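Only one structure is covered here, and it is reproduced in the block below.
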Amino acid sequence: TYKKPLNAIIKMLNNFISNNIFKLSSFLVILIFILYSFFYASVIRTVEEDELIKKGFDAKAYVENIWKSKIIPTISEEAEDITFILDELFKNKEVTEEKYGGRSGTGSYSFMVKGKAEITSLNTASRVGTLSIKLEKKYDSEIFITLGPVIKKDSIRDAVKFIKFNDFVNQLDFADVSRIIKVRVLNEIIGPLKLKEITGKNINFEGAITFDRKDKIYITPTKIEFLN
């Protein structure tokens, strides 16, 4: 006795779905987009952050607040020896990236590193100046410390992991943070170096690398300490 009404209802539902499949699909897509936006894409800001946004982002002030209190100590305390990182990268790149690296978006991974080296040559013919160095372990790769004045990579910003793209209103502010970090490196780390007397010196260094090629490794330094 109940089968006929039930079959009729099922038939009506099937007809409704068949006749409105496009509308239902569109509704589901919109619903999924709304839910994703609400739970994953939304950025909740504090009142203080909203005030900063209204005033306009100040990358110089932002970096000033974290340079000595967070960036320098984080690299100093958490950096791995560069020979260890390179060995791991050459052995198993994907695992090493996930375990030790940081990056923004889908870019190459960056790593906090430290080590000892001998400066073998000074290269200032181009604006991307470098120091060629010899590590305690020999590699087929060429290893450099970046001197600038042009520093191309965003190694320090990405390696420390706590400067995240989603914390910024737009990509320009995020990029500006890296630019100011590089200015601090140029002024405070590289600026005091006596480059004419630097070849042949032994150093301790701390900094960050971006592993985007195997043949040349560029270290953006946060510390250079002479041993002799």
Side-chain angles (χ1 to χ4, degrees), residues 57-82 85-86 100-104 107-133 135 142-165 168 171-199 201-213 216-227:
F57 180 71
D58 186 341
K60 188 175 181 180
Y62 177 89
V63 174
E64 175 66 29
N65 286 333
I66 62 172
W67 177 250
K68 291 182 179 178
S69 64
K70 292 191 73 176
I71 293 176
I72 297 297
T74 296
I75 293 176
S76 185
E77 293 166 12
E78 298 183 18
E80 298 284 352
D81 194 283
I82 189 170
I85 291 294
L86 291 178
Y100 299 102
R103 66 173 175 176
S104 57
S108 299
Y109 281 85
S110 296
F111 303 84
M112 295 179 282
V113 296
K114 62 184 178 182
K116 293 181 179 180
E118 178 188 349
I119 298 171
T120 57
S121 65
L122 170 66
N123 318 298
T124 56
S126 76
R127 288 180 57 78
V128 188
T130 60
L131 293 171
S132 296
I133 62 172
L135 298 176
E142 294 182 89
I143 317 291
F144 304 97
I145 290 178
T146 301
L147 290 181
V150 175
I151 300 176
K152 291 185 176 182
K153 302 178 191 298
D154 302 309
S155 306
I156 293 175
R157 182 198 67 190
D158 294 345
V160 295
K161 301 180 186 177
F162 58 78
I163 305 174
K164 300 181 183 297
F165 177 75
F168 297 85
Q171 189 171 355
L172 292 177
D173 292 346
F174 187 58
D176 216 20
V177 167
S178 187
R179 182 182 67 81
I180 297 299
I181 288 173
K182 293 172 189 177
V183 170
R184 297 295 291 253
V185 170
L186 291 170
N187 290 340
E188 299 179 25
I189 311 301
I190 296 167
L193 299 177
K194 296 178 181 179
L195 295 179
K196 291 181 180 179
E197 306 169 6
I198 207 166
T199 303
K201 300 286 187 182
N202 293 308
I203 59 169
N204 282 331
F205 64 85
E206 295 172 359
I209 64 171
T210 299
F211 192 71
D212 54 359
R213 54 190 296 182
K216 294 184 178 182
I217 309 296
Y218 293 90
I219 304 161
T220 304
T222 53
K223 177 183 176 181
I224 296 176
E225 178 185 52
F226 293 97
L227 298 178

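Remember, predicted model here, so these are calculated numbers, not experimental data. Along the sequence shown, the residues carry numbers beginning at 1.
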I'd like to know whether E64 forms a side-chain contact (heavy atoms from CB on, under 4.5 Å) with R184, so could you lay out the CA-CA distance, the side-chain angles of the two residues, the decisive distance to 0.1 Å, and finally the verdict.
CA-CA 9 Å; E64 175 66 29; R184 297 295 291 253; 2.8 Å; yes
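- I71 contributes atom CD1, which lies 9.5 Å from atom OG1 of T222 (distance to the nearest 0.5 angstrom).
- Considering I143, T120, L147 as possible partners of L131, the one that fulfils the side chain to side chain contact (heavy atoms under 4.5 Å, CB included) test is L147.
- Inspection of the S132 and N123 side chains reveals an N or O donor paired with an N or O acceptor under 3.5 Å.
- Residues V63 and V183 have side chains not in contact (no heavy-atom distance under 4.5 Å, counting atoms from C-beta outward).
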Could you walk me through whether L193 and F226 pass side-chain contact (heavy atoms from CB on, under 4.5 Å), step by step?
CA-CA 10 Å; L193 299 177; F226 293 97; 3.8 Å; yes
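- A 4.5 Å side-chain heavy-atom check between F211 and I85 finds every atom pair outside the cut-off.
- In this structure, K161 places its NZ atom where more than 12 heavy-atom neighbours from other residues, nucleotides or ligands lie under 6.0 Å away.
- Between Y62 and D176, the closest side-chain pair of non-hydrogen atoms is not below 4.5 Å.
- In this structure, the side chains of S76 and K223 stay at 4.5 Å or more apart for every pair of heavy atoms.
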Steps toward side-chain contact (heavy atoms from CB on, under 4.5 Å) verdict (K216, F144)
CA-CA 8 Å; K216 294 184 178 182; F144 304 97; 4.1 Å; yes
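- Ring planes of F168 and F57: perpendicular class, angle over 60° (limits at 30 and 60°).
- Screening T210, T146, D212 for a side chain to side chain donor-acceptor pair (under 3.5 Å) with K153, the sole residue that qualifies is D212.
- Atoms OH and CZ, on Y100 and F111 in that order, are 10.5 Å from each other to the nearest 0.5 Å.
- Here the side chains of W67 and I181 are in contact, with some heavy-atom distance below 4.5 Å.
- Under the side chain to side chain contact (heavy atoms under 4.5 Å, CB included) test applied with I145, the options T220, I203, I119 reduce to a single match, I203.
- The structure places CD1 of I189 at 9.5 Å from CD of E206, a figure rounded to the nearest 0.5 Å.
- A cation-pi arrangement is present between K70 and F162, with the terminal nitrogen or guanidinium carbon under 6.0 Å from the aromatic centre and inside a 45° cone about the axis.
- For the atom pair NZ of K152 and CZ of R127, the computed distance is 11.5 Å after rounding to the nearest 0.5 Å.
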